[in-house]
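The next block holds one structure in the form of structure tokens; read it before the comments.
Position 1 is the first residue of the sequence; numbering continues from there.
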Amino acid sequence: MKRTTLSLIAGATALAAVTGFASLTTPDGSAAPQAKAPTRLPVARAGLACPVPSTSEVAETLYTSYTPPGTDPAKGGTGGSGAADPSAATAQLRPAANATTSGGAATGGKKATAPKVPGTVTAPGKPVTAAANGPAAPALTGAATGTLAPGWTVQQTTLVPAGGARGLLGLGCGAPDTDFWFPAASTAKERQDYVHLTNPDDTAAVADIQLYGPEGVLKSQFTEGIPVPAHSTVPVLLSTLTAEAAQQSVTVHVTTRSGRVGAAIGSADEKLGSDWLAASADPASTAVLPGIPADATAVRLVAFVPGEDDADLKIQLVTQNGTIVPASARSLHVKSGMTASVELPDLTRGEVGSLMLSAADPKKPVPVVAALRVVRGKGDDTEVAFVPATGAISARATIADNRAKGTTLALTAVGAAAQVKVTASAGSGGGTPVTKTVTVKEGTTTALTDLVPQGLKGSYALTVEPVSGGRVYASRTLAVPLDGAPAFTIQTFVDDRGTVEVPSARQDLGVLD
């Protein structure tokens, strides 16, 4: 066989791996080697970015770093035991430089001083925690490699007991990306909403911020070409970006022209409290917002249509007993390019529930992004949290920093009944992991409050893995006592993307002549 013929076979085999052709033949009519089906392998590296936790003098921040234990990837598992040399694995965080802003544009900065960088995870299966108090705690960037990369997560939890930013603030440090949507932000006078742009990479990034109110695009300034230096963070106060009248509900769109950033919005309401607003899931015709607390006293739904078509959305509440239409609002019309919102009073009525949005006419699906602002308490004793729309868990998702008391896991099944495996890890200070298989009926939400590691010391991680059945959406609510106020925060479970699909091809390069 000539060299040219060998090249043709190699190229055709590679094409089969990409396009899915089942078989090929060589020029002499014999069968060419078939491409193997794609396999899933553990990711080799994962990066995260954590924003500055607080500027309050009395803030108390706890970082929890965790990698769930993996299984043998050769058997279709989700990570690590056979993926790499465990001794070569690392998971490290380091402080990011603080770049100040003027009118939304970075003007440079100096390195922040950190009281302590969170502890380094040394092995899958056990959380590692570290505390950082006061306003000196910096933004953090970091990466995990080897067996510590698949599913690596860092939870940032901050308690501010007094002041205008009082409350419990929680955020899962996010993976860097190039496109983020944030419904439920605000430029109202009583709100201080900062979008934090954190660059975990070795090269600079350039970001744009676009604001959309109820009437469409808000005329803004200093929102294009915002430089974010390598390993630095840039906070931008949303109300300084526009001269238009204050808006209670605004959708924020963050994109990058070059590079990647981690993005999150820190929101402080002088009357209600404070928390982080994480990005909504990518635009989709169905949106699920899981885990509204049973005692929520006020819920505001905010939605936005990025495309050219308007959306008529059906609003449904997925409860522990089934799916119902809330009496306060049955539908929501969302005009293209405009932010729409609706108040949902007395929504949950004493039981944990999830909100589901879908096209009022199934023949006219329109992708949307959405988020909820949730309030607990009344009068001066209130707290606020946000629930962005989230995607279904496809393989595995984890949230760290759960406590023996005050942790509620909400699981919602859509499309069909579902079975999921839920694991409470060992504690950061000791304890034995506990695993439970949970069946969630179709169109219902199941709330778990009693899944705690045996002999728990410290905090623990919760990992959710679908076993069978329909799509599963999940969130975790963490509540702590705070002088009578119901301090709480809600984080949705986001698939950890611990594995990647790798096409494999086999070719016979034997030379016959």
Do any side-chain atoms of residues 372-381 form donor-acceptor pairs under 3.5 angstrom with protein atoms, and if so which ones, sequence neighbours left out?
from	atom 1	to	atom 2	distance (Å)
Arg376	NE	Asp295	OD1	2.8
Arg376	NE	Asp295	OD2	3.2
Arg376	NH1	Pro486	O	3.4
Arg376	NH2	Asp295	OD2	2.9

According to the side chain to side chain donor-acceptor pair (under 3.5 Å) rule, which pairs have a member within [range], sequence neighbours left out?
range	answer
residues 442-453	Ser354-Thr445, Thr412-Thr445
residues 51-62	Thr61-Thr158
residues 171-183	Asp179-His253

Distance-only donor-acceptor pairs under 3.5 Å for side chains of residues 298-311, two or more places apart:
from	atom 1	to	atom 2	distance (Å)
Arg300	NE	Glu343	OE2	2.7
Arg300	NH2	Glu343	OE2	3.1
Asp310	OD1	Ser336	N	2.8

Residue list, side-chain contact (heavy atoms from CB on, under 4.5 Å) with [X], at least two apart or on another chain:
X	answer
Ala185	Asp193, Leu238, Val252, Ile265, Leu277
Ala207	Leu197, Thr256
Thr432	Gln454
Ala413	Ala418, Val440

Kindly state each residue pair satisfying ring pair (Phe, Tyr, Trp, His ring centres under 6.0 Å) with at least one member in residues 450-477, sequence neighbours excluded. none
What salt bridge (Lys or Arg N to Asp or Glu O under 4.0 Å) pairs are there with at least one residue in residues 474-489, not counting sequence neighbours? none
Can you list the residues that meet the salt bridge (Lys or Arg N to Asp or Glu O under 4.0 Å) rule with Glu224, with sequence neighbours excluded? Arg257
Take the angle between the ring planes of His196 and Tyr194 and call it parallel below 30°, perpendicular above 60°, tilted in between. tilted
Residue pair Gln247 / Glu215, side-chain donor-acceptor N/O under 3.5 Å: no
